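As the structure is a prediction and not an experimental result, all values here were calculated from the model. Just so we're on the same page: letters track the sequence lines, and every chain starts at 1.
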Amino acid sequence: MSQGNLILREPEYEAFLSILRKLLADASAKVVFLVDKNGTLLASVGDAVGFDTTSLASLAAGNIAATGGLANLIGEKEFSILFHEGERDNMHLSVVAERLILVVVFDRRSSVGLVRLRVRQATARLAAVMAVAVAASDAEQGGVEELTEADIESLFK
Amino acid sequence: MSFINYSSREINCKIVYYGPGLCGKTTNLQFIYKRMNPEARGKMISLATESERTLFFDFLPLSLGEIRGFKTRFHLYTVPGQVFYDASRRLILRGVDGVVFCADSQLTRVDANEESMENLRVNLREQGYDPDRLPLVLQYNKRDLPNVASLAELHALLNRRNVPEYEASATTGIGVFETLKAVIKLVLIDLKRGGRQ
(Lines give C-alpha, C1' and ligand atoms only; values in the text may rest on other atoms or scores of the structure.)
Protein backbone atom coordinates (compact mmCIF):
# COMPACT_ATOMS: atom_id res chain seq x y z
CA MET A 1 0.00 0.00 0.00
CA SER A 2 1.08 3.56 -0.32
CA GLN A 3 1.03 3.93 3.46
CA GLY A 4 4.02 5.74 4.93
CA ASN A 5 7.13 3.94 6.09
CA LEU A 6 6.79 2.11 9.35
CA ILE A 7 9.40 3.03 11.93
CA LEU A 8 9.57 0.75 14.91
CA ARG A 9 11.24 2.31 17.95
CA GLU A 10 12.58 0.69 21.10
CA PRO A 11 9.55 1.36 23.38
CA GLU A 12 7.04 -0.06 20.87
CA TYR A 13 9.35 -2.96 20.03
CA GLU A 14 9.67 -3.82 23.73
CA ALA A 15 5.91 -3.49 24.14
CA PHE A 16 5.35 -5.90 21.24
CA LEU A 17 7.83 -8.35 22.75
CA SER A 18 6.17 -8.22 26.13
CA ILE A 19 2.73 -8.98 24.63
CA LEU A 20 4.18 -11.79 22.52
CA ARG A 21 5.92 -13.33 25.57
CA LYS A 22 2.69 -13.32 27.52
CA LEU A 23 0.83 -14.85 24.59
CA LEU A 24 3.53 -17.53 24.23
CA ALA A 25 3.09 -18.54 27.87
CA ASP A 26 -0.71 -18.18 28.06
CA ALA A 27 -1.31 -20.16 24.87
CA SER A 28 1.36 -22.80 25.66
CA ALA A 29 2.76 -22.09 22.21
CA LYS A 30 6.18 -23.00 20.80
CA VAL A 31 6.92 -19.82 18.90
CA VAL A 32 5.10 -16.57 18.23
CA PHE A 33 5.97 -14.20 15.39
CA LEU A 34 4.76 -10.73 14.53
CA VAL A 35 5.08 -9.96 10.84
CA ASP A 36 4.00 -6.99 8.76
CA LYS A 37 1.66 -7.63 5.85
CA ASN A 38 4.47 -6.90 3.39
CA GLY A 39 6.41 -9.90 4.68
CA THR A 40 8.91 -8.40 7.12
CA LEU A 41 9.47 -9.92 10.55
CA LEU A 42 8.93 -7.41 13.36
CA ALA A 43 9.48 -9.57 16.42
CA SER A 44 9.53 -13.18 17.56
CA VAL A 45 9.56 -15.02 20.89
CA GLY A 46 9.96 -18.65 21.82
CA ASP A 47 12.22 -21.27 20.35
CA ALA A 48 12.78 -19.78 16.90
CA VAL A 49 16.08 -21.62 16.44
CA GLY A 50 15.76 -23.86 13.43
CA PHE A 51 13.10 -21.65 11.86
CA ASP A 52 13.98 -19.66 8.78
CA THR A 53 12.20 -16.60 10.16
CA THR A 54 12.75 -14.45 7.04
CA SER A 55 11.12 -17.04 4.79
CA LEU A 56 8.39 -17.65 7.34
CA ALA A 57 7.51 -13.95 7.43
CA SER A 58 7.39 -13.70 3.66
CA LEU A 59 5.27 -16.83 3.22
CA ALA A 60 2.89 -15.85 6.04
CA ALA A 61 2.31 -12.53 4.30
CA GLY A 62 1.80 -14.34 0.98
CA ASN A 63 -0.62 -16.71 2.69
CA ILE A 64 -2.69 -13.90 4.18
CA ALA A 65 -2.58 -11.96 0.90
CA ALA A 66 -3.73 -14.97 -1.14
CA THR A 67 -6.58 -15.86 1.20
CA GLY A 68 -7.51 -12.16 1.31
CA GLY A 69 -7.82 -12.31 -2.47
CA LEU A 70 -10.06 -15.35 -2.14
CA ALA A 71 -12.17 -13.52 0.47
CA ASN A 72 -12.68 -10.61 -1.89
CA LEU A 73 -13.96 -12.99 -4.55
CA ILE A 74 -16.83 -14.02 -2.31
CA GLY A 75 -17.51 -10.50 -1.08
CA GLU A 76 -15.60 -10.72 2.21
CA LYS A 77 -13.05 -8.05 3.17
CA GLU A 78 -10.56 -10.65 4.31
CA PHE A 79 -10.33 -13.90 6.22
CA SER A 80 -8.81 -12.58 9.42
CA ILE A 81 -7.88 -15.97 10.88
CA LEU A 82 -6.14 -18.92 9.23
CA PHE A 83 -5.34 -22.23 10.84
CA HIS A 84 -3.00 -24.85 9.40
CA GLU A 85 -2.92 -28.26 11.01
CA GLY A 86 0.18 -30.42 10.72
CA GLU A 87 1.13 -33.86 12.03
CA ARG A 88 3.17 -32.43 14.92
CA ASP A 89 2.90 -28.67 14.80
CA ASN A 90 0.09 -26.33 13.90
CA MET A 91 0.06 -22.73 12.82
CA HIS A 92 -2.48 -20.05 13.63
CA LEU A 93 -2.31 -16.82 11.63
CA SER A 94 -4.40 -13.75 12.33
CA VAL A 95 -4.52 -10.19 11.09
CA VAL A 96 -3.86 -7.46 13.65
CA ALA A 97 -4.73 -3.79 13.12
CA GLU A 98 -5.05 -4.39 9.35
CA ARG A 99 -1.29 -4.13 8.92
CA LEU A 100 0.25 -6.92 10.98
CA ILE A 101 0.08 -10.70 11.05
CA LEU A 102 0.36 -12.63 14.28
CA VAL A 103 1.70 -16.16 13.76
CA VAL A 104 1.46 -18.72 16.57
CA VAL A 105 3.10 -22.13 16.21
CA PHE A 106 1.91 -24.73 18.70
CA ASP A 107 1.83 -28.48 19.21
CA ARG A 108 -0.37 -30.95 21.12
CA ARG A 109 0.46 -29.30 24.44
CA SER A 110 -2.00 -26.61 23.41
CA SER A 111 -5.22 -26.51 21.40
CA VAL A 112 -6.65 -24.35 18.67
CA GLY A 113 -9.39 -23.15 21.03
CA LEU A 114 -6.92 -21.95 23.63
CA VAL A 115 -4.73 -20.31 20.99
CA ARG A 116 -7.72 -18.51 19.47
CA LEU A 117 -8.79 -17.23 22.87
CA ARG A 118 -5.33 -15.97 23.81
CA VAL A 119 -4.74 -14.49 20.37
CA ARG A 120 -7.97 -12.52 20.66
CA GLN A 121 -6.80 -11.10 23.98
CA ALA A 122 -3.34 -10.24 22.64
CA THR A 123 -4.69 -8.68 19.43
CA ALA A 124 -6.27 -5.69 21.13
CA ARG A 125 -3.06 -4.93 23.01
CA LEU A 126 -0.92 -5.31 19.89
CA ALA A 127 -3.27 -3.02 17.97
CA ALA A 128 -2.91 -0.33 20.64
CA VAL A 129 0.91 -0.48 20.44
CA MET A 130 0.72 -0.45 16.64
CA ALA A 131 -1.35 2.74 16.73
CA VAL A 132 1.43 4.41 18.75
CA ALA A 133 4.09 3.07 16.34
CA VAL A 134 2.19 4.39 13.31
CA ALA A 135 1.72 7.82 14.90
CA ALA A 136 5.45 7.97 15.69
CA SER A 137 6.31 6.86 12.12
CA ASP A 138 4.16 9.60 10.63
CA ALA A 139 5.86 12.19 12.79
CA GLU A 140 9.44 11.27 11.96
CA GLN A 141 11.73 9.80 9.37
CA GLY A 142 13.83 7.81 11.83
CA GLY A 143 17.19 9.28 10.87
CA VAL A 144 17.32 7.98 7.29
CA GLU A 145 16.90 11.48 5.96
CA GLU A 146 20.57 11.91 6.81
CA LEU A 147 21.63 9.26 4.30
CA THR A 148 23.96 10.65 1.67
CA GLU A 149 24.71 9.44 -1.86
CA ALA A 150 28.15 8.41 -0.55
CA ASP A 151 26.50 6.27 2.17
CA ILE A 152 24.39 4.54 -0.44
CA GLU A 153 27.39 4.05 -2.75
CA SER A 154 29.35 2.50 0.14
CA LEU A 155 26.98 -0.50 0.11
CA PHE A 156 28.36 -1.58 -3.24
CA LYS A 157 32.09 -1.36 -2.55
CA MET B 1 6.40 0.95 2.39
CA SER B 2 9.84 0.48 3.89
CA PHE B 3 10.09 -0.82 7.40
CA ILE B 4 12.69 0.72 9.65
CA ASN B 5 13.33 -1.14 12.87
CA TYR B 6 14.99 1.42 15.07
CA SER B 7 15.39 -1.06 17.85
CA SER B 8 17.48 -3.51 15.85
CA ARG B 9 18.62 -0.70 13.51
CA GLU B 10 17.45 -2.34 10.33
CA ILE B 11 16.00 -0.94 7.13
CA ASN B 12 13.84 -3.39 5.17
CA CYS B 13 12.81 -2.67 1.60
CA LYS B 14 10.79 -4.62 -0.93
CA ILE B 15 11.79 -4.81 -4.59
CA VAL B 16 9.58 -6.51 -7.16
CA TYR B 17 10.70 -7.89 -10.52
CA TYR B 18 7.84 -7.42 -12.97
CA GLY B 19 7.47 -8.31 -16.64
CA PRO B 20 5.80 -10.64 -19.14
CA GLY B 21 5.88 -14.42 -18.85
CA LEU B 22 9.25 -16.06 -19.51
CA CYS B 23 11.13 -12.73 -19.64
CA GLY B 24 13.68 -13.89 -17.07
CA LYS B 25 12.53 -12.51 -13.72
CA THR B 26 13.18 -15.77 -11.87
CA THR B 27 16.48 -16.18 -13.75
CA ASN B 28 17.58 -12.77 -12.41
CA LEU B 29 16.93 -13.90 -8.85
CA GLN B 30 18.57 -17.26 -9.42
CA PHE B 31 21.72 -15.57 -10.72
CA ILE B 32 21.79 -13.16 -7.77
CA TYR B 33 21.33 -16.11 -5.40
CA LYS B 34 24.19 -18.05 -7.04
CA ARG B 35 26.63 -15.15 -7.03
CA MET B 36 25.93 -13.49 -3.70
CA ASN B 37 28.07 -14.25 -0.72
CA PRO B 38 26.09 -16.87 1.27
CA GLU B 39 26.31 -14.65 4.35
CA ALA B 40 24.58 -11.84 2.49
CA ARG B 41 21.63 -13.81 1.23
CA GLY B 42 18.90 -15.96 2.72
CA LYS B 43 17.14 -18.92 1.26
CA MET B 44 15.48 -18.47 -2.13
CA ILE B 45 11.87 -19.58 -2.18
CA SER B 46 10.09 -20.33 -5.44
CA LEU B 47 6.36 -21.02 -5.45
CA ALA B 48 6.30 -22.52 -8.92
CA THR B 49 4.35 -25.06 -10.96
CA GLU B 50 5.79 -28.47 -11.78
CA SER B 51 7.05 -27.04 -15.05
CA GLU B 52 8.90 -24.35 -13.08
CA ARG B 53 6.65 -21.47 -14.13
CA THR B 54 6.19 -19.04 -11.26
CA LEU B 55 2.82 -19.69 -9.66
CA PHE B 56 2.75 -17.07 -6.93
CA PHE B 57 6.20 -15.56 -6.36
CA ASP B 58 9.90 -16.12 -5.93
CA PHE B 59 11.47 -14.59 -2.86
CA LEU B 60 15.12 -13.83 -2.13
CA PRO B 61 16.19 -11.87 0.97
CA LEU B 62 19.49 -9.97 0.75
CA SER B 63 21.46 -8.28 3.48
CA LEU B 64 23.83 -5.73 1.99
CA GLY B 65 25.69 -4.34 4.94
CA GLU B 66 25.36 -1.21 7.02
CA ILE B 67 24.88 2.43 6.28
CA ARG B 68 24.90 4.94 9.12
CA GLY B 69 24.59 2.09 11.59
CA PHE B 70 21.52 0.62 9.90
CA LYS B 71 21.63 -2.89 8.51
CA THR B 72 20.07 -2.85 5.05
CA ARG B 73 17.86 -5.72 4.02
CA PHE B 74 16.24 -6.04 0.63
CA HIS B 75 13.50 -8.51 -0.09
CA LEU B 76 13.42 -9.37 -3.78
CA TYR B 77 10.18 -10.77 -5.20
CA THR B 78 9.14 -11.80 -8.68
CA VAL B 79 5.58 -11.86 -9.91
CA PRO B 80 4.08 -14.60 -12.08
CA GLY B 81 4.26 -13.15 -15.59
CA GLN B 82 1.47 -15.03 -17.29
CA VAL B 83 -1.51 -12.81 -18.06
CA PHE B 84 -4.07 -14.83 -16.08
CA TYR B 85 -2.17 -14.48 -12.78
CA ASP B 86 -3.10 -10.83 -12.44
CA ALA B 87 -4.70 -11.20 -9.00
CA SER B 88 -1.42 -12.62 -7.63
CA ARG B 89 0.61 -9.80 -9.22
CA ARG B 90 -1.53 -7.21 -7.48
CA LEU B 91 -0.98 -8.89 -4.11
CA ILE B 92 2.78 -9.03 -4.54
CA LEU B 93 2.95 -5.32 -5.37
CA ARG B 94 1.58 -4.46 -1.91
CA GLY B 95 4.14 -2.55 0.07
CA VAL B 96 6.61 -2.40 -2.83
CA ASP B 97 9.44 0.14 -2.61
CA GLY B 98 10.93 -0.29 -6.07
CA VAL B 99 10.29 -2.18 -9.29
CA VAL B 100 12.57 -3.76 -11.88
CA PHE B 101 10.69 -4.12 -15.12
CA CYS B 102 12.27 -7.01 -16.95
CA ALA B 103 11.50 -6.82 -20.69
CA ASP B 104 12.01 -9.64 -23.16
CA SER B 105 14.03 -8.12 -26.02
CA GLN B 106 12.83 -10.59 -28.64
CA LEU B 107 10.81 -9.01 -31.47
CA THR B 108 8.04 -11.56 -30.95
CA ARG B 109 7.56 -10.31 -27.36
CA VAL B 110 7.17 -6.60 -28.12
CA ASP B 111 3.42 -6.66 -27.52
CA ALA B 112 3.77 -8.76 -24.36
CA ASN B 113 6.23 -6.21 -22.93
CA GLU B 114 3.91 -3.30 -23.62
CA GLU B 115 0.94 -5.14 -22.18
CA SER B 116 2.88 -6.03 -19.03
CA MET B 117 4.11 -2.45 -18.57
CA GLU B 118 0.55 -1.17 -18.86
CA ASN B 119 -0.57 -3.86 -16.43
CA LEU B 120 2.13 -2.71 -13.96
CA ARG B 121 0.90 0.86 -14.15
CA VAL B 122 -2.73 -0.17 -13.65
CA ASN B 123 -1.89 -2.44 -10.70
CA LEU B 124 0.32 0.18 -9.04
CA ARG B 125 -2.47 2.73 -9.29
CA GLU B 126 -4.86 0.18 -7.82
CA GLN B 127 -2.54 -0.23 -4.82
CA GLY B 128 -2.48 3.53 -4.29
CA TYR B 129 0.90 4.25 -5.90
CA ASP B 130 1.74 6.89 -8.47
CA PRO B 131 3.29 4.82 -11.30
CA ASP B 132 5.18 7.90 -12.48
CA ARG B 133 6.99 8.32 -9.16
CA LEU B 134 7.72 4.85 -7.81
CA PRO B 135 11.44 3.90 -8.13
CA LEU B 136 11.70 1.95 -11.39
CA VAL B 137 14.54 0.44 -13.42
CA LEU B 138 14.19 -1.18 -16.83
CA GLN B 139 16.11 -4.24 -17.87
CA TYR B 140 16.15 -5.32 -21.51
CA ASN B 141 16.84 -9.00 -21.11
CA LYS B 142 17.85 -11.72 -23.59
CA ARG B 143 20.17 -9.40 -25.54
CA ASP B 144 22.22 -12.48 -26.47
CA LEU B 145 19.40 -13.94 -28.56
CA PRO B 146 18.92 -13.36 -32.32
CA ASN B 147 15.93 -11.34 -33.56
CA VAL B 148 15.86 -8.81 -30.75
CA ALA B 149 14.41 -5.32 -30.93
CA SER B 150 16.86 -2.44 -30.95
CA LEU B 151 17.51 -0.52 -27.76
CA ALA B 152 16.01 2.58 -29.32
CA GLU B 153 12.81 0.69 -30.09
CA LEU B 154 12.56 -0.77 -26.59
CA HIS B 155 13.29 2.60 -25.04
CA ALA B 156 10.59 4.28 -27.14
CA LEU B 157 8.04 1.60 -26.29
CA LEU B 158 8.70 1.08 -22.59
CA ASN B 159 10.75 3.86 -21.08
CA ARG B 160 8.44 6.81 -21.20
CA ARG B 161 9.68 7.96 -17.77
CA ASN B 162 13.30 7.82 -18.95
CA VAL B 163 14.39 5.78 -15.93
CA PRO B 164 17.74 3.91 -15.74
CA GLU B 165 17.82 1.06 -18.26
CA TYR B 166 20.19 -1.86 -18.67
CA GLU B 167 20.88 -4.49 -21.30
CA ALA B 168 21.04 -7.95 -19.84
CA SER B 169 21.40 -11.62 -20.43
CA ALA B 170 20.19 -13.02 -17.13
CA THR B 171 21.23 -16.61 -17.88
CA THR B 172 24.88 -15.52 -18.05
CA GLY B 173 24.45 -12.73 -15.51
CA ILE B 174 25.22 -9.81 -17.81
CA GLY B 175 23.43 -6.73 -16.50
CA VAL B 176 21.85 -8.53 -13.53
CA PHE B 177 23.81 -6.85 -10.74
CA GLU B 178 23.89 -3.50 -12.55
CA THR B 179 20.08 -3.58 -12.57
CA LEU B 180 19.87 -4.59 -8.92
CA LYS B 181 22.33 -1.93 -7.83
CA ALA B 182 20.39 0.73 -9.74
CA VAL B 183 17.04 -0.13 -8.18
CA ILE B 184 18.52 -0.34 -4.66
CA LYS B 185 20.02 3.12 -5.10
CA LEU B 186 16.70 4.55 -6.26
CA VAL B 187 14.86 2.93 -3.36
CA LEU B 188 17.28 4.32 -0.77
CA ILE B 189 17.22 7.79 -2.33
CA ASP B 190 13.41 7.62 -2.24
CA LEU B 191 13.51 6.52 1.39
CA LYS B 192 15.80 9.42 2.25
CA ARG B 193 13.33 11.80 0.60
CA GLY B 194 10.60 10.38 2.78
CA GLY B 195 8.89 8.04 0.36
CA ARG B 196 6.05 8.86 -1.95
CA GLN B 197 3.62 10.39 0.49
Side-chain angles (χ1 to χ4, degrees), chain A residues 1-17 35-43 52-59 61-70 72-73 99-100 133 136-138 140-157, chain B residues 1-14 42-45 47 56-57 59-61 63-70 72-75 77 87-88 90-97 124 127-130 134 177 180-181 184-197:
Chain A
M1 299 284 175
S2 57
Q3 290 162 319
N5 298 324
L6 177 63
I7 300 167
L8 186 59
R9 293 170 185 284
E10 193 81 35
E12 287 80 55
Y13 177 68
E14 288 300 331
F16 278 144
L17 277 182
V35 174
D36 88 348
K37 268 196 175 176
N38 303 323
T40 307
L41 181 73
L42 269 68
D52 178 351
T53 51
T54 310
S55 299
L56 188 140
S58 155
L59 289 172
N63 197 180
I64 288 285
T67 47
L70 282 175
N72 292 338
L73 291 179
R99 239 168 123 162
L100 304 178
S137 299
D138 290 345
E140 283 189 60
Q141 271 293 302
V144 288
E145 74 277 13
E146 292 162 14
L147 290 183
T148 63
E149 296 262 347
D151 290 330
I152 295 170
E153 197 60 44
S154 72
L155 276 183
F156 302 101
K157 279 177 185 159
Chain B
M1 185 203 80
S2 307
F3 166 56
I4 304 166
N5 190 337
Y6 221 68
S7 177
S8 54
R9 297 194 71 80
E10 277 179 17
I11 299 173
N12 290 272
C13 302
K14 177 172 178 176
K43 197 172 150 192
M44 180 164 166
I45 289 176
L47 302 180
F56 195 10
F57 59 77
F59 169 69
L60 175 61
S63 186
L64 282 195
E66 288 192 9
I67 39 177
R68 300 246 164 176
F70 283 95
T72 55
R73 297 190 194 281
F74 296 90
H75 290 178
Y77 286 83
S88 302
R90 278 199 297 272
L91 297 177
I92 294 154
L93 281 177
R94 279 187 190 165
V96 66
D97 294 300
L124 284 175
Q127 298 290 334
Y129 289 101
D130 179 352
L134 187 79
F177 276 98
L180 176 65
K181 184 177 167 180
I184 285 174
K185 266 189 175 181
L186 290 183
V187 165
L188 289 174
I189 290 168
D190 194 54
L191 183 66
K192 169 180 148 68
R193 282 193 200 127
R196 295 157 296 282
Q197 300 154 67

- Find the distance between CG (A/Asn38) and CG (A/Leu100) and round it off to the nearest 0.5 Å. 10.0 Å
- Using a cut-off of under 4.5 Å on heavy-atom pairs, state which of A/Asn72, A/Leu73, A/Leu59, A/Ile152 scores highest against chain B. A/Ile152
- Max heavy-atom pair count under 4.5 Å with chain B, selected residue of A/Ala133, A/Ser154, A/Ser58: A/Ser58
- Query: Can you name the side chain to side chain contact (heavy atoms under 4.5 Å, CB included) partners of A/Thr54, sequence neighbours left out?
  - Reply: A/Asp52, B/Phe59, B/Pro61, B/His75
Which bit of [X] comes within less than 4.5 Å of chain A, counting heavy atoms only: side chain, backbone, both or neither?
X        : answer
B/Ser8   : neither
B/Lys14  : side chain
B/Phe3   : both
B/Ile45  : side chain
B/Leu47  : side chain
B/Glu10  : neither
B/Phe177 : neither

- Task: Name all residues meeting the ring pair (Phe, Tyr, Trp, His ring centres under 6.0 Å) criterion together with A/Phe16; count only those two or more places apart in sequence or in a different chain, and write none if there are none.
- Result: none
- Query: Donor-acceptor pair, A/Asp151 side chain versus B/Ile67 backbone, under 3.5 Å?
  - Reply: no
- Non-hydrogen atoms of chain B under 4.5 Å away: do they reach the side chain of A/Leu41, the backbone, both or neither? backbone
- Item | Residue pair A/Thr40 / B/Asn12, side-chain donor-acceptor N/O under 3.5 Å | no
- Is the closest side-chain heavy-atom distance between B/Ile4 and A/Leu8 below 4.5 Å? no
- Item | Ion pair B/Lys181/A/Glu153, N-O distance below 4.0 Å | yes
